[in-house]
Number of protein chains: 2
Amino acid sequence: MNEQLRAISELDRVIHEPGRLMIFVLLGAVEECDFLYLLHETEMNKGNLSSHLSRLEEAGYVEIEKTYRGKVPQTILRLTRAGRTAFDRYRKGLKAAF
Amino acid sequence: MNEQLRAISELDRVIHEPGRLMIFVLLGAVEECDFLYLLHETEMNKGNLSSHLSRLEEAGYVEIEKTYRGKVPQTILRLTRAGRTAFDRYRKGLKAAF
DNA sequence: CATACTAGTTTGCAGCACAAACTAGTTTGT
DNA sequence: ACAAACTAGTTTGTGCTGCAAACTAGTATG
C-alpha cells in the first residue's frame with residue numbers, strides 16, 4: 001500500500017462524516033458558538049445536529065456547555081484541544097491523499 | 001451557508017467512503033486492473049472489496065468485466081466515463097472545502 | 001389559560017460497512 | 001483416481017450510524 005492510500009485509510013472516521021466536517025470547520029474558526037448558530041450555518045435539522053454533537057462529545061472532540069440566555073436555554077459548543085489536534089491531523093491526511 | 005460548507009455538504013457520498021476513495025485513486029491512475037491488484041493495494045478483505053465494487057457498479061462509476069486468465073476466473077475493473085467525471089467533481093469539491 | 005413558540009433530545013428506521021461463511025472451480029499430493 | 005488444499009471471488013448476517021419525525025420541557029403570547 002502506498003503513502004496516498006495509507007493516508008486515505010487512516011482518515012479519522014468520526015471527522016470524515018460531512019455533517020461533522022461542517023461542524024469542525026465552523027468551530028475551528030471561532031473560540032465557541034451556540035447550537036443555533038451551527039444549526040443555521042449547516043442547514044441541518046436539530047435532531048441531526050444534536051446527535052452529531054453528542055458523537056463528537058463522546059469522542060472527546062467537542063465540549064458541550066448548557067447555559068441560559070435570559071430564561072431561554074442555550075447550548076454552547078467548543079472544540080477541545082484534542083478536537084483541534086484531530087482536525088489538524090485530518091487535514092494533513094487529506095493533503096497527503098490529494 | 002457559505003461556499004466552503006456548501007462544498008462539504010455536496011460531496012458525493014458514494015465516493016466519500018474511504019474504501020471506495022482508495023479504489024478511485026487506484027482505478028483513476030490506470031486504464032484498468034484486476035480484482036487482486038485492488039485487493040493487495042488497498043489491503044481490504046475480499047468481501048469488503050467485492051461489495052464496494054458492486055456499489056460502484058450500481059452507481060454507474062465502475063465497469064466489472066468477468067473473464068479468465070487461463071482457467072482461473074479473473075475480474076477486470078475499469079472506471080466509467082461517469083466515474084471519472086464524478087471523481088473529478090469530488091476532488092474539486094474537496095479543494096473548495098479545504 | 002390555552003395556544004404557539006423555542007431549544008433542543010430521543011426514538012425508530014433504513015442503509016451501509018464490515019467480516020465470516022459460503023460457492024464454484026482448479027491444482028496438488030498420494 | 002480421489003481427496004485435500006488453494007484460488008477468486010460472492011453472499012449472508014450483524015452491528016453501527018446517519019437521518020427525520022416525534023417528543024420534552026420550558027417560555028412567551030393572544
Side-chain angles (χ1 to χ4, degrees), chain A residues 1 5 8-27 32-78 90, chain B residues 1 5 8-27 32-78 90:
Chain A
M1 192 193 271
L5 297 182
I8 292 174
S9 76
E10 284 173 0
L11 289 171
D12 186 334
R13 306 292 283 252
V14 173
I15 302 180
H16 192 61
E17 167 64 26
R20 290 191 291 261
L21 261 176
M22 291 195 280
I23 295 173
F24 269 99
V25 166
L26 288 165
L27 284 182
E32 61 181 43
C33 71
D34 67 358
F35 186 92
L36 292 179
Y37 174 74
L38 292 182
L39 184 65
H40 297 135
E41 289 298 310
T42 61
E43 294 179 14
M44 288 191 241
N45 58 52
K46 294 175 183 183
N48 220 236
L49 177 56
S50 176
S51 39
H52 280 311
L53 287 170
S54 296
R55 186 97 176 61
L56 292 175
E57 182 185 33
E58 203 176 286
Y61 291 167
V62 163
E63 251 174 51
I64 304 185
E65 186 190 333
K66 302 195 134 325
T67 160
Y68 284 88
R69 183 167 26 92
K71 293 182 173 177
V72 178
Q74 187 186 30
T75 301
I76 300 289
L77 290 323
R78 197 177 300 115
Y90 180 84
Chain B
M1 194 193 271
L5 296 182
I8 292 173
S9 76
E10 284 173 1
L11 289 171
D12 185 335
R13 305 292 285 250
V14 172
I15 302 180
H16 192 62
E17 169 64 26
R20 290 191 292 262
L21 260 176
M22 291 195 282
I23 295 174
F24 269 99
V25 166
L26 288 166
L27 284 182
E32 61 179 45
C33 71
D34 68 357
F35 186 92
L36 291 178
Y37 175 74
L38 292 181
L39 184 66
H40 297 134
E41 289 298 310
T42 62
E43 294 178 15
M44 287 191 241
N45 58 52
K46 293 174 181 183
N48 220 237
L49 178 56
S50 175
S51 38
H52 280 312
L53 287 171
S54 297
R55 187 95 176 65
L56 292 175
E57 181 184 34
E58 203 178 285
Y61 290 166
V62 163
E63 251 175 51
I64 304 186
E65 185 190 334
K66 301 194 135 326
T67 162
Y68 285 88
R69 183 166 30 90
K71 294 186 172 175
V72 179
Q74 187 185 32
T75 302
I76 300 289
L77 291 322
R78 197 176 301 115
Y90 179 84

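Chain letters run A, B, ... following the sequence lines, proteins first, then strands; residues in each count from 1. Heavy atoms only: backbone and side chains are in, while hydrogens, waters and symmetry mates are out. Note that the structure is a prediction, hence the values are computed from the model and not measured.
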Let me know, please, whether B:F35 or A:Y68 comes out on the 5' side of the other along DNA chain D by nearest nucleotide.
->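 Upstream on the strand: B:F35.
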
Pairwise 5' ranking along DNA chain D for B:S50 and A:M44, keeping only the more 5' one =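 Mapping each residue to its closest nucleotide by heavy atoms, the 5'-most match is B:S50.
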
Heavy atoms only, 4.0 Å cut-off, all strands: where does [X] land among base, sugar-phosphate and nothing?
{"X": "B:L39", "value": "nothing"}
{"X": "A:L49", "value": "nothing"}
{"X": "B:K46", "value": "base"}

When you check the gap from the basic side-chain N to the acidic O, do A:E57 and A:R78 get nearer than 4.0 Å?
->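 Here A:E57 does not pair with A:R78 in a salt bridge, since their nearest N and O are not under 4.0 Å apart.
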
Do any side-chain nitrogens or oxygens of [X] fall under 4.0 Å of OP1 or OP2 in [N]?
{"X": "B:K66", "N": "D:dT10", "answer": "yes"}
{"X": "B:H52", "N": "C:dC18", "answer": "yes"}
{"X": "B:R69", "N": "D:dG9", "answer": "no"}

Counting heavy atoms from C-beta on, name the nucleotide in [options] closest to the side chain of [X].
{"X": "B:S51", "options": "D:dA20, C:dC18, C:dA7", "value": "C:dC18"}
{"X": "A:N48", "options": "D:dA20, D:dA8, D:dT10", "value": "D:dA20"}
{"X": "B:R55", "options": "D:dG18, D:dT10, C:dA17", "value": "C:dA17"}

